[in-house]
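See structure below.
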Number of protein chains: 2
Amino acid sequence: MDRIDRKLLELLQRDASRTNADLAEKIGLAPSSCLRRVRRLRKTGVIDRIVAILNPAKAGRTLKAVVTVELKLHGEQHMRRFLDFATRENAVSQAYAVTGQTDVILILRLRDTEELNAVCERLFEDQSNVTRFYTMLVRRTAKDDTAISM
Amino acid sequence: MDRIDRKLLELLQRDASRTNADLAEKIGLAPSSCLRRVRRLRKTGVIDRIVAILNPAKAGRTLKAVVTVELKLHGEQHMRRFLDFATRENAVSQAYAVTGQTDVILILRLRDTEELNAVCERLFEDQSNVTRFYTMLVRRTAKDDTAISM
DNA sequence: CCCGTCATGCAATAAAATTGCATCGTTTTG
DNA sequence: CAAAACGATGCAATTTTATTGCATGACGGG
């Protein structure tokens with residue numbers, strides 16, 4: 001993992017649709033050498049996957065919310081059960097067990113407030129293990145990167 | 001935007017590295033027709049971009065943290081200034097202005113706790129516009145999807 | 001100093017994307 | 001109601017791109 005690999009990763013994290021020849025030229029290598037590096041990065045798992053990122057508005061998910069969740073019972077199995085439950089919801093795009101002010105943080109992608117309500121009703125129903133939860137609607141997204149700076 | 005488009009988007013959000021011929025076969029179209037659909041989805045911006053997703057551990061960012069931030073001054077320009085400031089930090093992967101319990105939520109990707117400390121010192125220094133902030137370390141990531149379910 | 005290892009570039013080959021064209025179903029228009 | 005227009009499709013030819021074999025040169029260990 002040298003300077004060239006890092007440069008490759010930077011480029012591919014921004015745009016993985018460019019051709020290998022382009023990529024090769026940008027980093028100053030022959031196409032074949034470049035390709036072999038990229039393949040190695042994929043094989044070793046540094047590059048996990050190549051995906052399409054949609055425009056949320058044009059894909060019909062205009063609303064984003066962050067929800068912090070406090071659990072009643074904190075045992076490992078209770079935590080796991082809640083996370084499994086939350087993970088199954090399509091609207092949940094990220095789900096984290098955290099230390100500190102709360103127990104779980106969810107990030108939701110929603111069509112509208114109606115869907116928000118429906119998801120909350122399912123996740124935080126009476127017999128669920130949730131003491132309380134705070135819903136914060138995203139007013140403005142200043143940054144939302146998939147890239148990891150190298 | 002019909003059933004086939006939605007199926008295409010589902011597939012491409014999981015794996016955009018497959019060949020057009022593969023994709024075409026999976027959805028039951030000829031390669032040329034499939035390609036034209038994908039190109040349209042890109043051109044109209046439904047597909048925003050194609051990117052490489054790295055394995056955070058193998059890319060040297062093992063630590064993730066969620067930080068909630070309360071501002072002193074809440075005017076639009078103060079909010080903007082803080083968000084601009086936060087956005088410039090490489091470790092900040094997501095930055096949201098939100099309604100509700102707090103003002104700003106940041107999601108950080110860090111090498112170690114030392115970097116966490118350094119970032120916090122820069123973002124929440126004395127003359128910054130921050131009343132207080134809560135740092136929550138991610139213990140477990142149950143879900144972290146880039147996909148939007150269609 | 002020689003050998004083994006590894007990454008590289010070049011050129012040939014294989015695979016994939018792209019395009020032109022004809023067809024078919026649907027909608028619009030006269 | 002029929003004709004025209006539009007859009008999406010499949011096929012096959014063409015262009016572009018990825019991939020591979022091979023020879024070269026750099027580097028480190030014995």
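Given the structure is predicted, the values throughout are model-derived calculations rather than measurements. The chains referred to below are lettered A, B, ... by the order of the sequence lines, with proteins before strands, and numbering in each begins at 1.
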Heavy atoms under 4.0 Å, any strand shown: does A/R37 hit a base, just sugar-phosphate, or nothing?
sugar-phosphate
Tell me the interatomic distance from [X], atom [atom1], to [N], atom [atom2], rounded to whole angstroms.
X     : N      : atom1 : atom2 : answer
B/L35 : C/dA16 : CG    : C1'   : 10 Å
B/I50 : C/dA17 : CD1   : P     : 12 Å
B/L23 : C/dA17 : CG    : P     : 9 Å
A/N20 : C/dA16 : CG    : P     : 15 Å
A/E25 : C/dG9  : CD    : P     : 13 Å
B/R40 : C/dT18 : CZ    : C1'   : 17 Å
B/R36 : C/dC21 : CZ    : C1'   : 10 Å

So A/L106 and A/Y96, do their side chains get closer than 4.5 Å, heavy atoms only?
no
Indicate yes or no: does A/D48 engage B/K58 in a salt bridge with an N to O separation below 4.0 Å.
no
Assess whether a salt bridge exists between B/D5 and B/R39, defined as any Lys/Arg side-chain N lying under 4.0 Å from an Asp/Glu carboxylate O.
no
Only counting residues at least two apart or in another chain, list the ones meeting ring pair (Phe, Tyr, Trp, His ring centres under 6.0 Å) with B/F85.
none
Donor-acceptor pair between A/E70 and A/Q101 side chains, under 3.5 angstrom:
no
Any donor-acceptor N or O pair under 3.5 Å, side chains A/R61, B/S149:
yes
State which of C/dT8, C/dA16, C/dT19 makes the closest approach to the side chain of B/S32.
C/dT19
What is the first contacted nucleotide of DNA chain D and what is the last, in 5' to 3' order, if contact means an atom lying under 4.0 angstrom from a heavy atom of chain A?
D/dT17 to D/dG21
